[in-house]
A.B. asks: 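Submitted below is the structure of interest, expressed as structure tokens.
Note on naming: letters A, B, ... go to the chains in the order of the sequence lines (proteins, then strands), and numbering restarts at 1 for each one. Only this structure's heavy atoms are used, side chains among them; waters, hydrogens and symmetry mates stay out.
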Amino acid sequence: MTLSNRYTTTIKPIPPYSFEYTVRKPAGWPWLTPEEVYENGVLWTATRIGASIVGLKLKSTGTLKQPCVICDVFSRERLTKNQRLMIVHRLRRYLDADEDIRGFCQLARKDPILKGVVRRLCGMRDAVSDLFPSLLLATTLQLAPITRSQQMMDLLVKHYGDTVCFDGKRVVLWPSAESIAEASVRDLQRKCKLGYRAKNLKAIAQSLVKGFPDMEELAVMTPEDAKAKLMELRGIGEYSAGIVSPHPEFPADSWSSRIFHILFFGRNTKVPKGVIGKVQQEAERRWGTWKGLAFIYVLNDLRGLSKRFGVDFTSF
DNA sequence: GCGTCCAGGTCTACC
DNA sequence: GGTAGACCTGGACGC
């Protein structure tokens, strides 16, 4: 599909703001969709607006203290006024442009774990993506080492993703909920190696197609209600709901709880699952409402923390 | 090579 | 309400 209509808008996020670290996380996760193109500070990516796909070209023309992002939106048909408003609203959410993180920076500068991290990744934001891609990510992360999760995600994109071309670039999107809802469980198991997760992912996609609150609607709910709503979906438990929820959480799992156990208590644990609650309590005590952002900062600076703590967290 | 174990959770049956 | 066991798959490891 080629997108040739262009609409340009400018976003001015609340400082401090790092466009680069927000859209290209050091940990390597894509911003909106896999196989985004990033060249010389310019990002080409894509998203869905209802049943339509729009291409996005983003470039920072600002600084940490005076951030400014120029966004070119590419579509097949000319965008209506409502669609333009919707895409600007979405872009602000994706870029986390309206969050004031000065309180976090102040806290982090005095925190023994975060002070180096916040200096290295200053202005990085936790982008809130769309609902189905987040659920897809959470489902493939369950009970699998990262290489296996990556394999499942790659195969899902290969067999069910959509490709768009615009501005001379080619971008591949996550599969839509509709395409997974229509796929057979057998195909999802065989082609994408999803195993037992195939039934769950199809059921999730079907729930979304039938009608389920989107990210904007979940964002205006209380954190507890949003989480409870997400946990109504098949195969979405406490941990996955924490990853997906637009409200900042501290979604510790067996992998991250090992890392945080060392950072908090100075020693490794042989029972990472067993210390998840303890680690979450300590995060709440130290970082309070900023625990969600602290979680993102730490996991994106494992290299820096490895040097400082003398433990190779990147090998966990 | 081959068998076994386990991993970045969730659900369900059973007590 | 709490808890053990099953669930796909593939890489790591021991033999």
A.B. asks: In plain terms, say whether A:D130 and A:R93 are close enough for a salt bridge, that is, a side-chain N and a carboxylate O under 4.0 Å apart.
C.D. replies: yes
A.B. asks: Same cluster or not: are A:L263 and A:F265 linked, directly or through other Ile, Leu, Val, Met, Phe, Trp or Tyr residues, by side-chain heavy atoms under 4.5 angstrom apart?
C.D. replies: yes
A.B. asks: When you match A:I146 and A:L233 each to their closest nucleotide on DNA chain B, which lands nearer the 5' end?
C.D. replies: A:I146
A.B. asks: Does one hydrophobic cluster hold both A:M215 and A:I296, with members joined at side-chain heavy-atom distances below 4.5 Å?
C.D. replies: no
A.B. asks: Can you see whether A:E20 engages A:S60 through a side-chain donor-acceptor pair at a distance of less than 3.5 angstrom?
C.D. replies: no
A.B. asks: Salt-bridge test for A:K169 and A:D167: reply yes if a basic N is under 4.0 Å from a carboxylate O, no otherwise.
C.D. replies: no
A.B. asks: Do you see a donor-acceptor pair shorter than 3.5 Å between the side chains of A:Q189 and A:R186?
C.D. replies: no
A.B. asks: What residues in residues 241-268 of chain A put a non-hydrogen atom under 4.0 Å from any atom of DNA chain C?
C.D. replies: none
A.B. asks: For nucleotides 6-10 of chain C, which of its nitrogen or oxygen atoms have a protein nitrogen or oxygen under 3.5 Å away, and what is each distance?
C.D. replies:
unit_1 : atom_1 : unit_2 : atom_2 : d
C:dC8  : O5'    : A:Y196 : N      : 3.4
C:dC8  : O4'    : A:Y196 : N      : 3.0
C:dC8  : O2     : A:R148 : NH2    : 3.0
C:dC8  : O2     : A:R197 : NH1    : 2.9
C:dT9  : O4'    : A:R148 : NH2    : 3.0
C:dT9  : O2     : A:R148 : NE     : 3.1
C:dG10 : OP1    : A:K193 : NZ     : 3.0

A.B. asks: Considering only atom P, compute the distance from C:dC8 to B:dA13 and round it to an integer number of Å.
C.D. replies: 15 Å
A.B. asks: Please determine, for B:dG8, whether a Watson-Crick or G-U wobble partner exists with both distances under 3.5 Å, and give it or none.
C.D. replies: none
A.B. asks: State whether A:E282 and A:R285 are salt-bridged, where the test is any N-O pair (Lys NZ or Arg NE/NH1/NH2 against Asp/Glu carboxylate O) under 4.0 Å.
C.D. replies: yes
A.B. asks: Report the nucleotide, chosen from B:dG9, B:dT10, B:dG8, that has the shortest atom-to-atom distance to any side-chain atom of A:W29.
C.D. replies: B:dG8
